[in-house]
Amino acid sequence: MLDVGDGNRVYWETCGNPAGKPALVLHGGPGSGAGPFWRRLFDPAAYRVVLLDQRGCGRSTPDAADPRTSLAANTTPHLIADIELLRQHLGIEAWLVLGGSWGVTLALAYAEQHPGRVCELVLFSVTNTTRREVEWVTRDMGRVFPEEWARFRDAVPDQERDGSLVEAYARMLDDPDPAVRERAAREWCRWEDVHVSTHPGHRPDPRFEDPRFRLRFARLVTHYWRHSGFLEDGALLRDAGKLAGIPGVMVHGRMDISGPADIAWNLAQVWPDAELVLIGEEGHGLSGDATTEAVLAATDRFRPL
């Protein structure tokens, strides 16, 4: 546990070769936590892998699943500062950074602020957490899943259904009535499972069966999304020139319509050292063998000789 200030302690662990090439994992969500499957994306003989549970989730404290936990000191600048504090704590000069989904947004923000500390980037399910992306997931995706989206919308009070749904859900998730919080968390996570379900063989995320995970996850996602990731809108794409000299691989499923492929494609146009790998039939996350194999191929490419 690393004391990062503001009453927060973040959980970290290292695995693999203690003398190997340092690599940092940035999980998605926000709020998913760094589960053990992330370790499998690296050759353990070649890498010293660092897993970090971002503020408020996983094994970090205080837990965002507790409605009394304030999220005021849980922002992207706070997370970037936590990453730097951990890097210094571990005595690492620079590391490969691997991120998925929300973890891509955080990895890009970190690399653009501290390019000298990042030797390579491996990113999958590319997101920038822009206002347009948030609106796409919470409203426009209703054109793809109209019945499921109507249920998602109708969980919000009538007078709020034509406004920002992420704002409405964030408010309900902080309601003093536990029944209101529970319904909001359940419906948010139900919709989350729907909009990532475009690839063959999709199965609902079993973590959403846990009421504490649901509340933690929904609180953190809506907190970050309602603030567009606590980033100036469009800044990650605008500042991608700061990534010059950092080799990168972006792996993205063509069937990832909750995070459309143009996000990764646009980034590849302005990041000269990046390779974009599009996987035909796969969707969001590590949704199939081809996506996983492409990420493994990228970390294998960057392992020390």
Side-chain angles (χ1 to χ4, degrees), residues 26-32 54-57 64 71 74-79 99-109 112 123-146 148-157 160-174 184-185 187-198 205 208 214-240 252-253 256-267 283-285:
L26 296 178
H27 63 71
S32 292
Q54 296 157 31
R55 290 191 182 203
C57 72
L71 301 182
N74 200 325
T75 70
T76 302
H78 286 103
L79 300 185
S101 192
W102 154 255
V104 174
T105 296
L106 181 56
L108 291 170
E112 290 180 5
L123 310 172
F124 66 89
S125 301
V126 177
T127 68
N128 285 179
T129 318
T130 61
R131 285 195 297 269
R132 183 184 182 194
E133 290 172 52
V134 171
E135 189 71 4
W136 171 265
V137 173
T138 57
R139 188 168 294 277
D140 297 339
M141 282 282 287
R143 298 183 65 185
V144 182
F145 298 105
E148 294 87 348
W149 181 79
R151 175 172 179 148
F152 173 69
R153 176 203 59 200
D154 291 350
V156 168
E160 298 181 71
R161 291 176 186 171
D162 292 331
S164 168
L165 293 176
V166 72
E167 290 280 357
Y169 268 92
R171 182 192 59 75
M172 291 190 296
L173 288 160
D174 278 336
E187 295 302 331
W188 182 273
C189 292
R190 187 192 303 271
W191 175 243
E192 183 84 22
D193 246 342
V194 167
H195 68 72
V196 299
S197 67
T198 54
D205 191 330
F208 292 150
R214 285 197 301 265
L215 184 57
R216 176 188 307 124
F217 181 86
R219 283 193 78 205
L220 285 168
V221 173
T222 55
H223 173 66
Y224 274 83
W225 283 16
R226 69 194 288 255
H227 292 103
S228 302
F230 295 93
L231 298 163
E232 182 185 346
D233 208 44
L236 293 181
L237 191 62
R238 181 198 67 203
D239 294 340
H252 202 91
D256 183 355
I257 55 173
S258 63
D262 67 334
I263 303 168
W265 188 86
N266 288 332
L267 184 59
H284 195 76

- Heavy-atom side-chain contact between Trp149 and Val144 under 4.5 Å: no
- Query: Of all residues at least two apart in sequence or in a different chain, which pass the side chain to side chain donor-acceptor pair (under 3.5 Å) check with Asp174?
  - Reply: Arg219
- What distance separates Arg153 CZ from Glu148 CD, expressed to the nearest 0.5 Å? 12.5 Å
- Taking the side chain as every heavy atom from C-beta outward, state whether Phe230 and His78 have any pair of such atoms under 4.5 Å apart. no
- Looking at residues at least two apart in the chain, or sitting in another chain, which of them share a side chain to side chain contact (heavy atoms under 4.5 Å, CB included) with Glu160? Val156, Pro157, Ala168, Arg171
- Task: With rounding to the nearest 0.5 Å, note down the distance linking CZ in Arg55 to CG in Leu220.
- Result: 12.0 Å
- Check: Leu237 and Leu267 side chains under 4.5 Å, non-hydrogen atoms: yes
- Mind checking the CG-OG1 spacing from Leu236 to Thr130? Nearest 0.5 Å is all I need. 9.0 Å
- Hey, is the main chain of Phe152 close enough, under 3.5 Å, to the side chain of Tyr169 for a donor-acceptor pair? yes
- From CA spacing to verdict: side chain to side chain contact (heavy atoms under 4.5 Å, CB included), Ile263, Glu133: CA-CA 9 Å; Ile263 303 168; Glu133 290 172 52; 3.6 Å; yes
- Within a reach of under 6.0 Å around CG of Asp162, are more than 12 heavy atoms found that belong to other residues, nucleotides or ligands? no
- Message: Working to the nearest 0.5 angstrom, can you tell me the gap between Leu231 CG and Leu108 CG?
- Response: 9.5 Å
- Just by distance, do the side chain of Asp233 and the backbone of Arg131 share a donor-acceptor pair under 3.5 Å? yes
- Could you tell me which non-hydrogen atom of Val126 sits nearest to which non-hydrogen atom of His252, and how far apart they are? N-ND1, 3.0 Å
- Determine yes or no for a side-chain-to-main-chain donor-acceptor pair under 3.5 angstrom, with Arg161 supplying the side chain and Asp154 the backbone. yes
- Message: Using the rule given for side chain to side chain donor-acceptor pair (under 3.5 Å), can you reason through Ser101 versus Thr127, listing the C-alpha separation, both sets of side-chain angles and the distance that settles it, and then say yes or no?
- Response: CA-CA 6 Å; Ser101 192; Thr127 68; 5.2 Å; no
- Task: Could you tell me whether the side chain of Asp193 and the main chain of Asp205 form a donor-acceptor pair under 3.5 Å?
- Result: yes
- Task: Please report the shortest heavy-atom distance between Gly31 and Cys57, naming the atom on each side.
- Result: O-CB, 3.6 Å
- Note on the structure: Interatomic distance, OG1@Thr138 vs CG@Leu165, rounded to 0.5 Å, equals 5.5 Å
- At their closest point, which heavy atom of Pro30 faces which heavy atom of Val221, and how far apart are they? O-CG2, 3.2 Å
- Criterion side chain to side chain donor-acceptor pair (under 3.5 Å) against Tyr224, the qualifying member of Thr76, Thr105, Asn74: Asn74
- Just jot down the side chain to side chain contact (heavy atoms under 4.5 Å, CB included) partners of Val137, sequence neighbours excluded, or say none. Trp191, His195, Trp225
- Task: Rounded to the nearest 0.5 Å, what's the gap from CD1 on Ile257 to CZ on Phe145? Could you check?
- Result: 5.0 Å
- Ignoring hydrogens and angles, tell me if any N or O in the side chain of His284 forms a donor-acceptor pair with the backbone of Ser125 under 3.5 Å. no
- Item | Val196 versus Ser258, closest heavy-atom pair with distance | CG1-OG, 3.8 Å
- Message: Taking Arg132 first and then Glu135, would you say they form a salt bridge - that is, a charged N and a carboxylate O separated by under 4.0 Å?
- Response: no
- Minimum heavy-atom separation for Ala185 to Ala218, with atom names? CA-CB, 4.1 Å
- Item | Beyond-backbone contact of Asn128 with Asn266, side-chain heavy atoms, under 4.5 angstrom | no
- Measure from the side-chain N and O atoms of Arg216 to the backbone N and O of Ala64, and report whether any donor-acceptor pair falls under 3.5 Å. no
- Query: Do the non-hydrogen side-chain atoms of Phe217 and Glu192 ever get within less than 4.5 Å of each other?
  - Reply: yes
- What is the minimum heavy-atom distance between Glu112 and Ala235, and which atoms define it? OE1-O, 3.8 Å
